[in-house]
Amino acid sequence: MVEKRFGVSLKDYNTFGIDVRCDCLCGFSSIDDLRELHAGGLFGSRWGVISGGSNILFTGDYRGTLLHPRGDRITETSREGDRVRLHVEAGVVWNDFVDYCVAHGLWGAENLAYIPGYVGASPVQNIGAYGAEAADIIESVETFSTDTGTRLVMAREHCAFSYRTSVFKTVLRGKVVITAVDFVLSATPSPKLGYGDLRDRVVSLGGPSLGAIRDAVTAIRKAKLPEPAELGNAGSFFKNPVVEDAVASELKKEYPDMPLYPSGQAGYSKLAAGWLIDRCGWKGRRLGPTAVHDRQALVLVNLGGASGRDILDLAAAVSRDVEERFGVALESEVNIL
Ligand code: EPU
């Protein structure tokens with residue numbers, strides 16, 4: 001059922017806690033709801049989607065309609081050998097989906113525990129952490145095409161998934177609404193413990209069970225990342241920059257302790273934006289009502305009462321220093337509206 005509310009404050013709908021309003025907040029639960037909105041001409045005016053609001057920065061009131069997914073069902077659709085398929089509606093909280101998988105003995109989502117946001121947003125920037133990413137377990141993405149007004153299912157090979165991006169962030173941006181994601185999980189244990197101190201933590205929790213991995217990842221995230229309810233933030237504000245190998249090796253010569261990762265793209269390496277920002281002395285530094293988080297320099301925080309512009313000012317100051325010192329441009333991971 002479509003539910004419209006007008007002149008709504010978005011303070012509780014974005015994890016930065018920015019107090020702006022939108023003209024209309026419109027809850028939907030199904031493709032039929034979106035058909036109804038399409039017939040009513042909604043997609044001819046300004047619209048967007050807001051789910052968990054955990055990767056969005058509002059720089060002013062939103063003059064238009066924000067769609068909010070409400071469908072929250074998880075359905076097992078098939079089981080072949082050890083492969084289990086789940087159809088998960090866009091309004092399911094991501095961490096509830098991870099908990100469902102852990103409770104049902106399904107492997108593949110556990111390293112992505114405690115990432116904020118909803119399932120519908122997970123393919124957009126191909127959320128990732130601790131050596132795993134959503135694309136590893138996504139089989140297809142169910143969408144509603146706002147051009148044709150019909151259901152459109154995108155198979156994973158057409159989603160152009162790569163580091164923190166997908167077709168939903170590029171060519172299909174503003175052209176589809178994600179209504180559900182189909183995942184394929186494995187009933188056979190396949191622990192991924194290669195990242196940082198994950199293995200040690202899992203061992204101390206009794207070995208690589210699904211629950212121990214989920215709990216270890218949750219504990220690491222809680223230790224490094226601020227709780228939005230306490231300190232407004234959107235997780236990593238910047239992407240880790242991907243640079244040409246030649247640039248990376250020049251920097252490595254100058255800064256031997258600089259972390260360097262494979263980018264998955266021949267001829268390019270990935271740098272750690274958090275390290276670059278930290279090295280510029282920004283970790284824990286304040287600027288007006290905003291700051292760079294004191295335990296993870298990739299995270300920008302609202303100390304209370306900040307506007308979106310205040311956060312953008314901080315981001316610009318940080319980027320300027322990183323560019324001056326390392327010659328590397330930072331790109332925002334967060335959607336700026
Ligand atoms: N580092 C510093 N100082 C800092 C932060 C990091 O020196 O303040 C160094 C670390 O010591 C490490 C390197 O930078 O050598 C990388 O840091 P970390 O392992 O903490 O991971 P990250 O690259 O900062 C990425 C994701 C996170 C994800 C973690 C864990 C991006 C943009 N961020 O952070 O994702 O949780 O890896 O897998 O890729 C998010 O997207 O919101 C998010 C939190």
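Positions are given from 1, in the same order as the sequence printed here. Note that ligands are numbered from 1 as they come in the structure, with each ligand's atoms numbered from 1 the same way.
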request  = For ligand 1, indicate whether the residue Arg295 contacts it via side chain, backbone, both or neither (heavy-atom separation under 4.0 Å).
outcome  = neither

ask   = Quick check: does Leu298 get an N/O under 3.5 Å from an N/O on ligand 1?
value = no

request  = Determine, counting only non-hydrogen atoms of the protein, whether one lies under 4.0 angstrom from atom 10 (C) of ligand 1.
outcome  = no

ask   = Are more than 12 heavy atoms from other residues, nucleotides or ligands located less than 6.0 Å from atom CZ of Arg35?
value = yes

Mode of Ala272 contact toward ligand 1 - side chain, backbone, both, neither (heavy atoms, under 4.0 Å) = side chain

ask   = Which protein non-hydrogen atom lies closest to atom 36 (O) of ligand 1, naming both residue and atom, and how far is it?
value = Arg221 NH1, 3.1 Å

Partners meeting ring-ring contact (aromatic ring centres under 6.0 Å, His included) with Tyr118 (sequence neighbours left out) = His68

message = Below the 3.5 angstrom mark, is there an N/O of Tyr130, backbone or side chain, next to an N/O of ligand 1?
response = yes

message = Would Phe238 and Ile277 count as a side-chain contact (heavy atoms from CB on, under 4.5 Å) here? Give the steps.
response = CA-CA 10 Å; Phe238 300 104; Ile277 297 166; 3.7 Å; yes

task = Give the residue and atom name of whichever protein heavy atom lies nearest to atom 23 (O) of ligand 1, and the separation in Å to one decimal.
result = Asn240 ND2, 2.9 Å

remark   = Going by the 4.0 angstrom heavy-atom rule, the piece of Arg164 near ligand 1 is side chain

Which of the ligand 1 atoms, numbered from 1, are nearer than 4.0 Å to a heavy atom of Ser236 = 26 (C), 27 (C), 31 (C), 32 (C), 33 (N), 35 (O), 40 (C), 41 (O), 42 (O), 43 (C), 44 (C)

message = With the threshold set at under 4.0 angstrom, would you say Lys224 reaches ligand 1 through any of its heavy atoms?
response = yes

request  = Of the side chain and backbone of Pro259, name the one, both, or neither that has a heavy atom under 4.0 Å from an atom of ligand 1.
outcome  = side chain

query = Taking the non-hydrogen atoms of Tyr261, is any one of them nearer than 4.0 angstrom to ligand 1?
reply = yes

key: Sub-4.0 Å atoms of ligand 1 with respect to non-hydrogen atoms of Tyr195   = 18 (P), 19 (O), 21 (O), 30 (C), 37 (O), 38 (O)

contact_flag Gln125 ligand 1 heavy-atom lt 4.0 Å = no

key: Verify atom 41 (O) of ligand 1: protein non-hydrogen atom under 4.0 angstrom away   = yes

